[in-house]
S.K.: 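Dropping the structure in here first, questions after.
These numbers come from the heavy atoms of this one structure, side chains and all, not from hydrogens, waters or symmetry mates. Labels below follow one simple rule: chain letters A, B, ... track the order of the sequence lines, proteins then strands, and each chain is numbered from 1.
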Amino acid sequence: MDLFTIVSIILIIITVITAIIAAEMKDLLSAAIALGIMSLIVSILFYMLQAPDVAITEAAIGAALSMAVVIFAIRSTERWEK
Amino acid sequence: MIRPVLLIALPLFFAFLSPIIGIWSKKGVRYLIIFATALNATLAGILLLEALQKPVFDIIGGFQPPLGIVLMVGPLGAIIAFIINLVAFAISIYNLKVEKEPIVRYSMLYLLLVMGSTGMVLTGDLFNLFVFLEVTSIASYGLAAYNKDKKGYLGAMKYVIIGSIGSTFVLLGIALIYSQLRTLNMLDIAARIGTMDPYVKIMAFTSLFLGFGVEAEMFPLNTWVPDAYDGAPHPISAAFASLPAKAGVFALARVIFTMFSFTNFLWFVVVMGLLTVFFGEIVAYTQKDLKRMLAYSSIGQMGMIIMGLGIGTTLAVEGAFYQMIAHALGKALLFIAAGFLIYAARSGKIEDMKGMARNPLIGIPLLIGALSIMGMPPFAGFYGKFFILMGGFSQGYYAIIALFLAASIVEVAYYARFIKIVFERGNESKVIRPDAATYVPLIILAIIIVVIGVYPKPILTVLQHVGTFIAGGA
Amino acid sequence: MKKALAIVLAILIFIVFALAFVKIPFGEKMSTYPHYYNPITNQTSNMSLPQHYLTYGKNDTGATNMVTAIVVDYRGFDTLGEVTVLFLASTGVGSLMYVENKVKKKVRRSNAVVETGSKLLFGFIILFGAYIFIHGHLTPGGGFPGGAVIASAFLLLYLAYPKFHAKHEKLSVSESIAGLTFVIVGLIGLIIAGYFLYNFLPFGLPTYLFSAGVIPLIYVAIGVKVGSELTAIVDSMMGVRE
Amino acid sequence: MVTDWLIHAGLVALYLFLAMVIGLLFMGIARKITARIQNRVGPPIYQNFLDLGKLLAKKTNIKHNWIFDFAPLFGLGGVLLILAYLPMGGYIMLSGQGDLILLLYILAIPALGFALGSGASGNPNAGVGVMRALTLMLSYEMPFLIVILSLMIFYNTASLSVLLQKQMNYLWGIAALPISALAADIALQGMMAEKPFDIPIAPHEIASGPLVEFGGKYLGLLMLYSAGSIVVETSLFVDLFLGGGIVLNPTVYGTLAYFVNYLVWLALIFVVWMIAIFVNAVFPRFRIEQAFKFYWKWPTVIAIAGLVQAYVMSVFLGVVP
């Protein structure tokens, strides 16, 4: 098993864990941040799979912009899920 | 010589232009939209005449088909595009009644809804179809919530959730097909569909079928329909029934006939259609709210179209297409009339609308539209149902025909009840005269319904090409 | 009960699709892909579609970045559609978040480090975004990521200055002009060569900035458009708070 | 060419006129018979013609609005359209593929016209009557539809003229599918709105219901309408189950066959009408919910039994007429 495979398996596991955190967290702000981390790691995965175009887009939109929009939305309602 | 791409490029041009014009004149944008849809309808009419000679292929970007994108317009696609644009023109006149701000954005969303639906019908590329599906559905989400009240948000939210699931399914289907065939052109796919792995083929078909079923209001995926129609502004309810729904069901037809020439899988389509008919008609019978009743009736009618496609004989598919045309015209008319009735009665309940349609300007078109939707002979709606039934009979689907007829009877019953109430004598003082923005589109649609009902020959001439369509042609 | 049912259903759907997706030839040699067929001339080619893109892509489009060649030139019409989708999203958000008279609420100033930092970074981020979309035909990236980067520069301003507001009219004018550019480039192609979105400018030398015909032009338009649309979305979302 | 058209048009006019006359005569006979059963003398048979003449000559002062004016014409037009599609003694004016299904559709038109007009008058009795009529329609259509379907399956056609042809050559529907014929006759009673299903009209409760506001010329038109309906409904049964009264093959015997067939058809519809009238004279009236429940229970079950019979005969036993 080479380094590439090990790193990608670790990244995939982190992706799954952050996704579960994002879904299960009662604190919406933390959930949004978990979502952002997930996007970031997915963009690294894209880069490793030789898709730099997609990686740049995913990083800019997934990790930065959509997280910001979600956080703005949370700010205008309530932080805790009921 | 009209290039089909103009039907997509010109609305886009006007849509991008409208924010700039909107800075000076908000009224100007509304008239611009009317002009754009009228221009589109004219172009679509000319395109129809061209497509009748031979199918029109419009290569985009100068790359031969499987490399680039190609628009593929046969006679059937052309007539559906024509009807979509014609109805869109009529509805754009009624749009003048919408007063709520931001009106410029509303107009843009509406124009792009028209553009997306037209594109779904014209395109000959599977991924391009998905792009136009996205354009159509995202425009619909924005318009469904445009009233910004509780009902609107609820409907739009349901639509967003179910619509996204549908889009995901379509994308999955496309991915499966591309993974096996390495192509996205529909005719290329059709030529090599036999080399696909059978399991992947069925999965791809099911995904695409379910995905487009959302727009086509097919049974398990249509829970958004009543809420979205109910919450949307009145012109948009009319547009929903006529534009995205028809485009979605045409995409279904493309999936079934052009790409997968399945013959042994069609019973599935028939059963789904029948379930849709039953669900729609029976629930519609119990509705007390006018727009919800029309929405459920729309589900029923879409089910009939899907059934016609599923029966799969020339006659039945001809009926399905006739029904698409008649339903687009009739339901748009009824929703516009419903908008007026709700405005006049200040209530959405049918029982509050006693005698509201007693003005002939509203009453006569309303009557024509309702009779056409019920499938009464001298009007357009009759031929569709009749051909579907005859097609089913010739295929030996007896039980299905019986259920279909029973559903039609239920339909006649609740429309008759509605007609009786709106023409009933009572609260004379509240009856008001519609203004031009309401009755002009009503009269346009009513005249078309009567003309193609009394003289169906032109439509039937176009529908002769159903044979080649079923065989996998354009 | 309901949750268990949902999980079972999700697993079922996952299995059904996974069974189909394992049949994707992942990582196989490209030469084993099926050959494409041209339905108009009725000919089967001697190579597969991805192979054609990689072999002839540079000659066909003049772009060195293959992804850009496919996105903007081979399937430019899809991109026009995707740009419209984004336009719709921003218009839809704008119409839903529209409020007649915005009430100004008192907001706390953010701290000095954020303010100075964002002032400093703003220009560089804009520059970087512009770089990404101008070089779209040469290096990875292009209009969409470039536009997103530009929007994130504005996002920084929103974070640093709670009172900051981009003018909606200006945003919509810039996105309109960018969109119109895209459509007009397409229509010019239709007039000159008879194909919508035809690459009518000379290709020039590969790897040079001014090459690949209309691709840089379109990508600049897309970049401006995406940047202003995403900024408009962020701005609309901020508007709710006040 | 032109003369052909003229002859055709003349024949159409003649048949429609005869149908109206027959309908009015039947109504007169029904009045007489009911009176006899109830031990009265009753009006003369030609009384209805006098009534009609009087009504049509009358001036009308009741003005409602355009819907009210339009509705009787709508109803009458619907009846004439159906008559044009129904073979009367083997002569069909209009015909085409699948007119059995077409008939199912256009049978609803007259009822709709009725609903429109009486709703427009604003009389509460009329409103009640119309709602009852629509509910009744919904109830009797169910068994009737299944009956038509059994016929279509058994004779393997959706065309009335082919159905008549096959009945003449093979066996009358009533002999081949007696169960379906029974269901059809029960449905027919509702379709004609005779007792026990005269709920929409119900003279004693709601003052003739939908008719209450009509007078003068309108009532005259409606009288013609009901005369036409009687011929439509009886003739429907005769065409579906009694071979349309065709005893002589027109291709062999020519004009004589048409004449004889017409007379036989007349006799048959008279018989069907008489059955309906006797049932009418004997039974009391149902309430609307009772009628609805009744129709969706008994005739539907009978009709489904007929459907099974037709299906078994044609598919499993291979009986092909």
Side-chain angles (χ1 to χ4, degrees), chain B residues 3 5-6 9 12-13 15-20 22-23 57-70 101-102 105-106 108-109 112 115-116 119 125 127-128 131-132 134-135 138-139 141-142 145-146 148 172 176 179-183 185 187-188 191-192 195 197 199-200 203-204, chain C residues 16-17 19-21 23-26 33-34 36-41 44-45 48-50 52-53 60 73-78 80-82 84-85 87-89 91-96 98 100 169 172-173 175-180 182-184 186-187 189-190 193-199:
Chain B
R3 304 301 293 270
V5 72
L6 288 177
L12 257 182
F13 180 81
F16 289 145
L17 192 66
S18 46
I20 301 180
I23 293 174
F57 287 91
D58 194 348
I59 296 165
I60 288 175
F63 299 102
Q64 283 297 313
L67 293 172
I69 292 164
V70 67
E101 286 292 320
R105 296 210 155 128
Y106 172 87
M108 283 175 347
L109 287 174
L112 289 175
M115 185 279 269
D125 189 280
F127 192 78
N128 202 232
V131 170
F132 282 119
E134 284 288 277
V135 170
I138 291 180
Y141 305 153
Y146 186 77
K148 298 194 263 295
L172 276 175
L176 286 173
S179 75
Q180 295 261 315
L181 299 179
R182 304 282 160 184
T183 185
N185 186 283
L187 291 180
D188 192 5
R192 294 191 278 130
T195 62
D197 183 277
Y199 180 73
V200 179
M203 282 311 294
Chain C
V16 165
F17 273 100
L19 282 179
F21 271 101
K23 299 210 162 112
I24 294 181
F26 196 69
Y33 291 168
Y36 71 80
Y37 156 81
N38 184 340
I40 292 181
T41 57
T44 307
S45 151
S48 69
L49 205 58
H52 181 106
Y53 285 147
D60 280 358
D73 218 3
Y74 283 115
R75 305 193 65 86
F77 198 53
D78 280 347
L80 182 58
E82 289 299 342
T84 315
V85 166
F87 178 73
L88 277 168
T91 314
V93 169
S95 83
L96 294 188
Y98 181 89
E100 291 281 335
E169 287 81 22
S172 63
V173 166
E175 72 181 44
S176 295
I177 289 174
L180 282 176
F182 202 155
V183 178
I184 287 170
L187 287 175
L190 185 65
Y195 299 116
F196 188 72
L197 282 175
Y198 184 75
N199 196 341

S.K.: Which bit of C:I184 is near chain B, if near means a heavy-atom gap under 4.5 Å: side chain, backbone, both or neither?
M.R.: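 Contact with chain B: side chain only.
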
S.K.: Measure C:F87 against the heavy atoms of chain B and call it side chain, backbone, both or neither at under 4.5 Å.
M.R.: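 The side chain, not the backbone.
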
S.K.: Does the side chain of B:M203 reach to within under 4.5 Å of the side chain of C:F21, using non-hydrogen atoms?
M.R.: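 Contact flag for B:M203/C:F21 side chains = no.
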
S.K.: Measure distances from C:L96 to the heavy atoms of chain B and classify the residue's part below 4.5 Å as side chain, backbone, both or neither.
M.R.: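 It is both, since atoms from each part get that close.
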
S.K.: Heavy-atom distances under 4.5 Å only: say whether B:F127 touches chain C with side chain, backbone, both or neither.
M.R.: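 Both backbone and side chain.
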
S.K.: Of the listed residues (B:T195, B:D58, B:V70, B:L109), which shares the most heavy-atom pairs with chain C below a 4.5 Å separation?
M.R.: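 Option with the top pair count is B:L109.
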
S.K.: Could you tell me the separation between the OG1 atom of C:T84 and the CG atom of B:L12, rounded to the nearest 0.5 Å?
M.R.: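 Here the rounded value is 4.5 Å.
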
S.K.: Under 4.5 Å heavy-atom distance to chain C, tell me which part of B:N128 shows up: side chain, backbone, both or neither.
M.R.: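 Backbone plus side chain of B:N128, per the 4.5 Å heavy-atom cut-off to chain C.
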
S.K.: Considering only heavy atoms, which portion of C:V93 lies under 4.5 Å from any heavy atom of chain B: side chain, backbone, both, or neither?
M.R.: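 Neither part.
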
S.K.: Output, in order, the C-alpha distance, side-chain angles, deciding distance and verdict of side chain to side chain contact (heavy atoms under 4.5 Å, CB included) for C:Y53 and B:L67.
M.R.: CA-CA 8 Å; C:Y53 285 147; B:L67 293 172; 3.9 Å; yes

S.K.: Please rank B:G142, B:P65, B:A139 by heavy-atom pairs under 4.5 Å with chain C and give me the top one.
M.R.: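 Of the options given, most contacts go to B:P65.
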
S.K.: Using non-hydrogen atoms only, which part of B:L112 is less than 4.5 Å away from chain C: side chain, backbone, both, or neither?
M.R.: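 For B:L112, side-chain heavy atoms alone lie under 4.5 Å from chain C.
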
S.K.: Got C:P50 and C:Y33 here, is their nearest side-chain heavy-atom distance under 4.5 Å?
M.R.: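 The answer is yes; the side chains approach within 4.5 Å.
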
S.K.: Using a 4.5 angstrom heavy-atom cutoff, name the option from B:P102, B:G68, B:G62, B:P19 with the most pairs to chain C.
M.R.: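 Answer, by heavy-atom pair count under 4.5 Å with chain C: B:P102.
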
S.K.: What part of B:N185 lies closer than 4.5 angstrom to a heavy atom of chain C: side chain, backbone, both or neither?
M.R.: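 Looking at B:N185, just its side chain touches chain C.
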
S.K.: Checking B:V5 against chain C: side chain, backbone, both or neither under 4.5 Å from a heavy atom?
M.R.: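 When you check distances to chain C, only side chain atoms of B:V5 fall under 4.5 Å.
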
S.K.: Would you mind telling me which of C:N199, C:L49, C:V173, C:L187 has the largest number of heavy-atom pairs within less than 4.5 Å of chain B?
M.R.: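 Option with the top pair count is C:L49.
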
S.K.: Does OH in C:Y198 sit with more than 12 non-hydrogen atoms of other residues, nucleotides or ligands closer than 6.0 Å?
M.R.: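 No, OH of C:Y198 has 12 or fewer neighbouring heavy atoms, counting only those of other groups under 6.0 Å.
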
S.K.: Can you tell which of B:V200, B:I69, B:I23 has the highest number of heavy-atom pairs within less than 4.5 Å of chain C?
M.R.: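 The candidate making the most pairs under 4.5 Å is B:I69.
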
